[in-house]
Protein chains: 2
Amino acid sequence: MPAIEDGPSVPAARERARAIPEAAVARLAVYLRVLSAMSEQGVSSVSSEELSAAAGVNSAKLRKDLSYIGSYGTRGVGYEVGVLVDQIERTLGLTRKHSVAVVGIGNLGHALANYGGFPGRGFPVTALFDVDPDLIGIPVGGIPVHHIDDITAVCAEREISIGVIATPPPAAQAVCDRLVQGGVECILNFAPVVLQVPDTVEVRKVDLAVELQVLSFHVARRADQAQVDAMADAREDGDRTGIDGMVVR
Amino acid sequence: MPAIEDGPSVPAARERARAIPEAAVARLAVYLRVLSAMSEQGVSSVSSEELSAAAGVNSAKLRKDLSYIGSYGTRGVGYEVGVLVDQIERTLGLTRKHSVAVVGIGNLGHALANYGGFPGRGFPVTALFDVDPDLIGIPVGGIPVHHIDDITAVCAEREISIGVIATPPPAAQAVCDRLVQGGVECILNFAPVVLQVPDTVEVRKVDLAVELQVLSFHVARRADQAQVDAMADAREDGDRTGIDGMVVR
DNA sequence: CGGACTTTGTGCATGCGTTCACAAATGGCT
DNA sequence: AGCCATTTGTGAACGCATGCACAAAGTCCG
Ligand SMILES: NC(=O)c1ccc[n+]([C@@H]2O[C@H](COP(=O)([O-])OP(=O)(O)OC[C@H]3O[C@@H](n4cnc5c(N)ncnc54)[C@H](O)[C@@H]3O)[C@@H](O)[C@H]2O)c1
Ligand SMILES: NC(=O)c1ccc[n+]([C@@H]2O[C@H](COP(=O)([O-])OP(=O)(O)OC[C@H]3O[C@@H](n4cnc5c(N)ncnc54)[C@H](O)[C@@H]3O)[C@@H](O)[C@H]2O)c1
């Protein structure tokens, strides 16, 4: 067994950062919000039980998630809020500012541009784009709207790292391509289309229609289950009432 | 051992409907959108390869997802678009209309109320609520805003099945409680808080801050990886350039 | 100072979801 | 009619995520 070998078999210290499950990353962001709120209220210490309850997860999962970023707790006591905030921020890359550009200043784009929650969390919205001539130059949320043709130049100049697409679906892919060309590394897509990007670019989508349909599915499932239960009850009782016209089988 | 026993050990035929993985349900909604678009363009038949490419997934996954809802394809040929559309709609419970109420008609609430994509897909927005006296009675997207105090009555009366929360975070839990009291079965929550609900109610959340932070994480990870690669290269090359002041390469 | 109590961190088992790979089914072609 | 090319549907293997349960580590108190 060689002592100072450092091939791929030895996870070196600098490799510490990887291997955090995607699902855990999303939860870390939630923990961070809860912890920040606690910090503001003067809470300085928290146990995994308390924190997990506030974040809506089970405490074993929380501890495992935190273990991915290191051991910052004190056994028998809990975690120091400030320490966790710092470590999660570091892990999520929030020590650096990430400038955001919003493309498509319609209903949704306006809401995003006016939203105060982003700048406050290290994501300043620094550029807006649209094609509508009536919008160009008009300030929205304090920032003037640029023409979409300037997108590559402006993104490069202002070091935009995140592009938000809020255009109608047919325009989304073209907008995406131009954002990528402007050096944008990440895209948050609100248009209901599947974007094609080089694999150096990270895409996340927010699809409200899908969310509603998943909810709809659960309503239907619940209704079916209620029918099944009713039938089971009926059978137990000696099979009397059918479920009106609908036989689920 | 009784022969015709039907305890939990025998998954009966009527149990068919359940057991669709949550992740698959969300993808079915995506397939449905792609299929609808194809249908409108007059495409009547599609293979798993084509459909999966359009939906941005791998074809084995697509076929497995479709297999959860039944066998509607023809081997050697593919799927009939119309049939798939019908079957997915049935599975997702879209044969029934799901009335939507939006609570909190601020930046985001306005955008949602004005959005034409929901009614077109079987999710008519039929009620809006806010506390702001200046908004009450004003029509937004053609629907008058009601006072939040009427929420329970109006939800019950209009058979609202989905409630959308777009209020500031501190108000979200109270609004949620009142929606549940009004008989709402599902909630889509835009406020960055963890909602407490009885387990008869389904909640999905859309959390933009989390989305941005996950993207931020990937930027950071990529940057770290670039450094690691650079170091590895440097070592291989005989160790020349250090990491010093940010060598991006 | 020592022992009881609390809470973390994690090895392990379990379950869910993804991917592979191929037999079965079907249509078309000769 | 029979065979070939194609594409579905799914069993099985794999890998990732979740949850359990407990040893390790630390605090606090007497
Ligand atoms: N409004 C919502 O609540 C909502 C909900 C779910 C999804 N969406 C999706 O979000 C997107 C935007 O929705 P919206 O309601 O804000 O639409 P909208 O029509 O109000 O706004 C779209 C804006 O994009 C601009 N635009 C069009 N083509 C462009 C281009 N090539 N480059 C730059 N800008 C361009 C238009 O000028 C307009 O200002 C759509 O894809 C929609 O499906 C919106
Ligand atoms: N605007 C965005 O782009 C955006 C992005 C991410 C998250 N969010 C979240 O969505 C929510 C809404 O954001 P927004 O920008 O529209 O805020 P907003 O302040 O513009 O609107 C909030 C609305 O809710 C109403 N309201 C307040 N208390 C209420 C109550 N108890 N009952 C009913 N209505 C009440 C207010 O009168 C106001 O009209 C917030 O929780 C915010 O964090 C918004």
Output the residues of residues 46-64 of chain A in contact with DNA chain D, where contact means a heavy atom of the residue under 4.0 Å from an atom of the strand; sort by number or write none. A:Asn58, A:Ala60, A:Lys61, A:Arg63, A:Lys64

B:Arg90 and B:Thr95: side chain donor to acceptor below 3.5 Å: no

Quick tally for nucleotides 25-30 of chain C: nucleotides whose base has a protein heavy atom under 4.0 Å get B, sugar-phosphate-only ones S, the rest -, giving BBS---

Any non-hydrogen side-chain atom of A:Phe118 less than 4.5 Å from a side-chain atom of A:Pro124? no

Using the side-chain hydrogen bond (donor to acceptor under 3.5 Å, both in side chains) criterion, which residues pair with A:Asn189? Sequence neighbours excluded. none

Report yes if the side chains of B:Cys176 and B:Ile187 come closer than 4.5 Å at any heavy-atom pair, otherwise no. yes

Between B:Leu94 and A:Gln213, is there a side-chain heavy-atom distance shorter than 4.5 Å? yes

Are the side chains of A:Ile69 and A:Leu28 in contact, using a 4.5 Å heavy-atom criterion? yes

Can you give me the first and the last nucleotide of DNA chain D (5' to 3') that has an atom within less than 4.0 angstrom of a non-hydrogen atom in chain B? D:dT6 to D:dA12

Picking from A:Arg204, A:Arg121, A:Arg33, what satisfies salt bridge (Lys or Arg N to Asp or Glu O under 4.0 Å) with B:Asp207? A:Arg33

Just how far is it from atom OG1 of A:Thr91 to atom CD of A:Glu89, taken to the nearest 0.5 Å? 10.0 Å

So, using side-chain contact (heavy atoms from CB on, under 4.5 Å) as the criterion, who are the partners of B:Glu185 when residues are at least two apart? A:Val219, B:Arg96, B:Ser161

Hey, could you give me each pair passing ring pair (Phe, Tyr, Trp, His ring centres under 6.0 Å) that has a residue in residues 77-99 of chain A? Not counting sequence neighbours. A:His98-A:Phe123

